[in-house]
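These notes are about the structure you will find just below.
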Amino acid sequence: MALVLAAEPGKRRSRGIGWDGIMIDLIEETPYRWRIEPHDGMRVPGVVFASRHLLPDAPGDLALDQVASVAMLPGIVQASYAMPDVHWGYGFPIGGVAATDPAAGGVVSPGGVGFDISCGVRLLVADATREQLSAHFEALMDAADTLIPRGVGPGGVLRDCSEQVLQEILRTGSVYAVEHGYGQPGDLTFCEDHGAVADADPAQVSDRARERGRRQVGSIGSSNHFWELQIVDRVLDRDTAEAYGLAPDTVCVMIHCGSRGLGHQICTDQLRTMVEVMPGYGITVPDQQLACVPVDSEHGRRYLGAMAAAANYGRANRQLLTHATRLAFARAGLGDLRLLYDVSHNLAKMETHHLGGEPRELCIHRKGATRAFGPGDPDLPEALRPQGQPVLVPGSMGTASWVLAGVPNAPAFASACHGAGRVLSRHAVARRVKGTALRHDLAHAGITVRGASPRSLAEEAPMAYKDVDEVVEVCHRAGLARPVARLIPLGVIKG
DNA sequence: ATGTTC
């Protein structure tokens, strides 16, 4: 395709070259919102929340084609959305949001969730002051280095858990962890879904997925996942920051990880099945990577049951790492940690949203997009309800992270960005950056990085990502969420 | 994202 910007009549210009020969007009609705009119089988428009600078317009970047392709899915309602950190993904773009109506043949698509099912973030707020942290910093990093499992392959807080324990985790997520001593009862209050997605169906999780999962419960993994010691650098919304307990200089720990090999295997298994059964449901899609089945069907229920089990694994993962973090703080002579919030950014969920004033039960796919419920939402814990849901936005390594808050009447089914968004492939950035030099530069900037090979460090270099501050600014301007606090890293544990 | 190509 030749992608064309039609911001002002007579001022169109080409923005990229795709594969399908289709022309896409991108219409500037506001400086922070672009529209793709329905064409060639699109059932709804595409809507991209981005500044001109953040549009994914590199030559060969197919993210906007993917926004258009998602708009062709059966039962999709309102629009196919892209967040400001959108980039090219498997089937759906990363940073994509799509809602389907099961009552109108709406589908569920594994590509709309991603391989790392229930990948997400939690933020812990420490009792310790910045001065106390400084005095115990090396001891804390040493303890975390020992206690936080990470990297590819086996290893986790639970090491080799039994099949029985794994089954419990798949059914009850963080609830299992807390009930077995890996957390405090109050932790569950501040987890999305109170730590466990309902309707998990472990019977849909293959032997191979369970075997991979059994050996990794409570681990970070690799790539952009991290355990990070952070400090509140700036507060933008004083009332909300106060309610969240995020005063300037507050010490925090951010944990970003997902469902490891288990989620990956489930996605692989389910995609294989869906490609086979999809024609039987009379569904055709423009891209095999958009394989899908009706939400309200045998295979739709099977996928959602397996996905929910992986989601619970991801939540238990973050809960177990929270326990390990508390142990590290105790070992370093530092105080306790309180959970502010835990939220996924790769998930499909049934939620009630209003369409034309009417409540509808929709299947919301968020892939690289964070749920961002506004103030007063009954699904939020009482303590956070007046301000709205904390939206946790991890930055790239060595850069800031953000806490935003959900706003009333947000577009895109109450969703916001999930991070900075990659702009250079792992391969491309590894060619340009040397990991050893990067580690030195980060240390010089006051950021200690433990773990990670030079190669994996290079792959996560800040230059490979968009500027997270700019992404957050666009989220704010586009009305997706409001910035509350900016956090900067002091110490990082990476796989 | 991922026992980084079953």
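Source: prediction; values computed, not measured. Note on naming: letters A, B, ... go to the chains in the order of the sequence lines (proteins, then strands), and numbering restarts at 1 for each one.
By the side-chain contact (heavy atoms from CB on, under 4.5 Å) test, A/Leu327 pairs with A/Leu147, A/His323, sequence neighbours left out.
A straight line from CG of A/Leu262 to P of B/dT2 spans 12 Å, rounded to a whole angstrom. A straight line from CZ of A/Arg426 to P of B/dT5 spans 11 Å, rounded to a whole angstrom. Between the NE2 atom of A/His264 and the P atom of B/dT5 there is a distance of 9 Å, given to the nearest Å. What separates CD1 of A/Ile117 from C1' of B/dT2 is a distance of 12 Å, to the nearest Å. Between the NZ atom of A/Lys494 and the C1' atom of B/dT2 there is a distance of 15 Å, rounded to whole Å. Rounded to whole Å, the distance from CG on A/Leu457 to P on B/dT4 is 20 Å. Atom-to-atom, CZ of A/Arg150 to P of B/dT2 comes out at 15 Å; the value is rounded to the nearest Å. Remark: C1' of B/dT2 and CZ of A/Arg208 are 12 Å apart, rounded to the nearest angstrom.
Between A/Tyr303 and A/His299, the ring center distance fails the sub-6.0 Å criterion.
Mapping A/Val152 and A/His225 onto DNA chain B by nearest heavy atom places A/His225 closer to the 5' end of the strand.
Phosphate contact (OP1/OP2 of B/dT2, side-chain N/O of A/Ser222, threshold under 4.0 Å): present.
Proximity of A/Ser259 to A/Asp116: side-chain heavy atoms (C-beta onward) are separated by under 4.5 Å at one or more points.
Sorted by first and then second residue, the ring pair (Phe, Tyr, Trp, His ring centres under 6.0 Å) pairs with a member in residues 202-231 of chain A read A/His225-A/His256, A/Phe226-A/His256; sequence neighbours excluded.
Residue contacts for A/Glu211: at a heavy-atom cut-off of 4.0 Å it reaches no nucleic acid atom on any strand shown. Contact annotation for A/Gly258: no contact, since no heavy-atom pair falls under 4.0 Å across all strands.
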